[in-house]
Amino acid sequence: VETMGDGSPVVLLHGTMAGRSTFAKLRSHLGDTHQLVLPVARGHEGTPAVFPDDYSLDRTEVGDLEAVLDELELAEVDIVGHSTGGAVGLAFSLALPKRVRRLVMIEPTVLSRLPPAVTAEIRHASGTTIAHAKRGDHRAAVASVLEMMGGEDWTSLPSQARDKTLDAMAPVAEVAGPHVQALLDLAVTDQQLTGLLTPALLIYGQATTIFFEAHIAARFAELRPDIEQVIVDGAGHTSQLERHEVVGPRIAAFLAGNSP
């Protein structure tokens, strides 16, 4: 875990097959007023890809984050989570609400709140990823994730470009299967979302390539119209990088308890 700065602690949770660099451009917006805490998820950035048989986001990853906060002696924190990190942040807030002051979710991967038809599509595609991973073909597992997430944007790339991307992702390839399975297994119910006590903010890129995020956003809007959703023009799935000059001040204002 990396820590920097002083002030009210903010935990930054990265997504699957990503890393702490996904928050590189947020540091300047938050680092002057907050202590930034940047954990590394299992199997990322050179950490061992150790996934127990009962690996899950709401037990294993939540437990890992709880252990980090205990080690740092942080009783209460803000959480900013991106993609899978947003799902972990939500699960942590539901499990340990007294430890989370405010929660920011940037395109959280909460698959259990998708419409049944979309869920079936994702489960079918995910089956390919999980099968590749179980056979030990982690490169093929990563490729199937990128195809599922990017669709034609991925398949239309020249083969050399796809190979270059897969080569770059080889160090985190073993993560693909366990994380996809854990995302499918993360059961967040309508009742839990309705009962979420932690003040929250949702951020979405207007041009996100993740086809199911609009469905998740719609379900949040239906169940929790009180949770503000910020749509970032000209941004994709990583709006905190692509449009940090918009996203950074909005997050800082929310964490400070100020209206936009």
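Quick note: residue numbers are just sequence positions, from 1. Computed from a predicted structure; not experimentally measured.
Of all heavy-atom pairs spanning Val62 and Ala95, the tightest one is CG1-CB, 4.5 Å. For the residue pair Arg101 and Pro199, the shortest heavy atom distance occurs at O-CD, 3.3 Å. When all heavy atoms of Met17 and Ala176 are compared, the pair lying nearest together is SD-CB, 4.1 Å. For the pair His34 and Asp78, the tightest heavy-atom approach, listed with the atom from each and the gap, is CE1-OD2, 4.3 Å. Nearest approach of Phe51 to Arg42, heavy atoms of both residues: CZ-O, 3.8 Å. Nearest heavy atom pair, residue Leu241 against residue Ser21, reads CD2-O, 3.8 Å.
Between the side chains of Tyr55 and Gln181, no donor N or O sits under 3.5 Å from an acceptor N or O. A donor and an acceptor atom, one from each side chain of Thr22 and Gln240, are located under 3.5 Å apart. Inspection of the Glu147 and Thr155 side chains reveals no N or O donor paired with an N or O acceptor under 3.5 Å. With no hydrogens or angles considered, no side-chain donor-acceptor pair links Glu152 and Ser156 at under 3.5 Å. Side-chain N/O atoms of His237 and Glu107 include a donor and acceptor closer than 3.5 Å.
Side-chain contact check for Glu66 versus Phe92: some heavy-atom pair is nearer than 4.5 Å. Contact annotation: the side chain of Val37 approaches that of Val1 to within less than 4.5 Å [non-hydrogen atoms, C-beta and beyond]. Within the 4.5 Å cutoff, side-chain heavy atoms of His29 are placed close to those of His244. Gln35 places a side-chain heavy atom less than 4.5 Å from the side chain of Leu74. No side-chain heavy atom of Ile227 sits less than 4.5 Å from a side-chain heavy atom of Pro225. Taking 4.5 Å as the limit, every side-chain heavy atom of Val188 sits out of range of all side-chain heavy atoms of Leu111. A 4.5 Å side-chain heavy-atom check between Leu183 and Ser126 finds every atom pair outside the cut-off. For the pair Leu186 and Val88, the minimum side-chain heavy-atom distance is 4.5 Å or more.
The other members of the hydrophobic cluster of Leu12, by chain and number, are Met4, Val10, Phe23, Leu26, Leu30, Leu36, Leu38, Val80, Val104, Ile106, Leu201, Ile203, Val230, Val232, Val246, Val247, Ile251, Phe254, Leu255 (side-chain heavy atoms under 4.5 Å, ILVMFWY only).
Taking 4.0 Å as the cut-off between side-chain N and carboxylate O, Arg135 and Asp137 do not count as a salt-bridged pair. Under 4.0 Å is where a charged nitrogen must lie from a carboxylate oxygen, and between Arg139 and Asp163 at least one such pair does. Comment: Asp70 engages Arg99 in a salt bridge, judged by a side-chain N to carboxylate O separation of less than 4.0 angstrom. Checked for salt-bridge contact, Glu222 and Arg113 miss the test: no charged N lies under 4.0 Å from a carboxylate O. A salt bridge does not link Glu76 with Arg102: none of the charged nitrogens is closer than 4.0 Å to a carboxylate oxygen. The pair Asp233-Arg243 fails the salt-bridge criterion, with no side-chain N (NZ, NE, NH1 or NH2) lying under 4.0 Å from an Asp/Glu carboxylate O.
Leu57 and Val40 sit in two unconnected hydrophobic clusters of ILVMFWY residues. Membership requires side-chain heavy atoms under 4.5 Å apart, directly or through other members. The same ILVMFWY cluster, assembled from side-chain heavy atoms under 4.5 Å apart, contains both Phe211 and Ile216.
In this structure, OG1 in Thr198 is found 9.0 Å from CE in Met105, a value given to the nearest 0.5 Å. To the nearest 0.5 Å, atoms CG (Leu196) and CZ (Phe220) are separated by 7.5 Å. Interatomic distance, Ser83 OG to Ile210 CD1, rounded to the nearest 0.5 Å: 6.5 Å. Atom CG in Leu69 sits 4.5 Å away from atom CG in Leu65 (nearest 0.5 Å). Here the straight-line distance linking atom OG of Ser56 with atom CD of Glu61 works out to 8.5 Å at 0.5 Å rounding. Atom CG in Leu193 sits 6.0 Å away from atom CG in Leu90 (nearest 0.5 Å).
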(Q) Is there a side chain to side chain donor-acceptor pair (under 3.5 Å) between His132 and His138? Walk through the geometry before answering. (A) CA-CA 6 Å; His132 284 314; His138 301 297; over 6 Å; no
Q: Dump the intermediate steps for side-chain contact (heavy atoms from CB on, under 4.5 Å) on Ser144 and Val142, then the final yes or no.
A: CA-CA 5 Å; Ser144 67; Val142 173; over 6 Å; no
Q: May I have the step-by-step check of side-chain contact (heavy atoms from CB on, under 4.5 Å) for His82 and His14, ending in yes or no?
A: CA-CA 5 Å; His82 171 245; His14 66 77; over 6 Å; no
(Q) Could you walk me through whether Ile122 and Met148 satisfy the side-chain contact (heavy atoms from CB on, under 4.5 Å) test, starting with their C-alpha distance in whole Å, then the side-chain angles of each, then the deciding distance to 0.1 Å, before giving a yes or no? (A) CA-CA 8 Å; Ile122 290 176; Met148 175 174 61; 4.2 Å; yes
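Within the 3.5 Å criterion, the main-chain N or O of Ala217 finds a donor-acceptor partner in the side chain of Gln229. Under a 3.5 Å cut-off, the side chain of Thr165 and the backbone N or O of Ala161 do form a donor-acceptor pair. No donor-acceptor pair closer than 3.5 Å links the side chain of Glu174 to the backbone N or O of Ala49.
Around CD of Glu245, the count of heavy atoms belonging to other residues, nucleotides or ligands within 6.0 Å exceeds 12. For Asp190, the CG atom sits in a packed shell: over 12 heavy atoms of surrounding residues, nucleotides or ligands are nearer than 6.0 Å.
Ring centroids of His179 and His44 are separated by less than 6.0 Å, placing the two rings close together.
Judged as a side chain to side chain contact (heavy atoms under 4.5 Å, CB included), and not counting sequence neighbours, the contacts of Arg123 are Thr119, Leu184.
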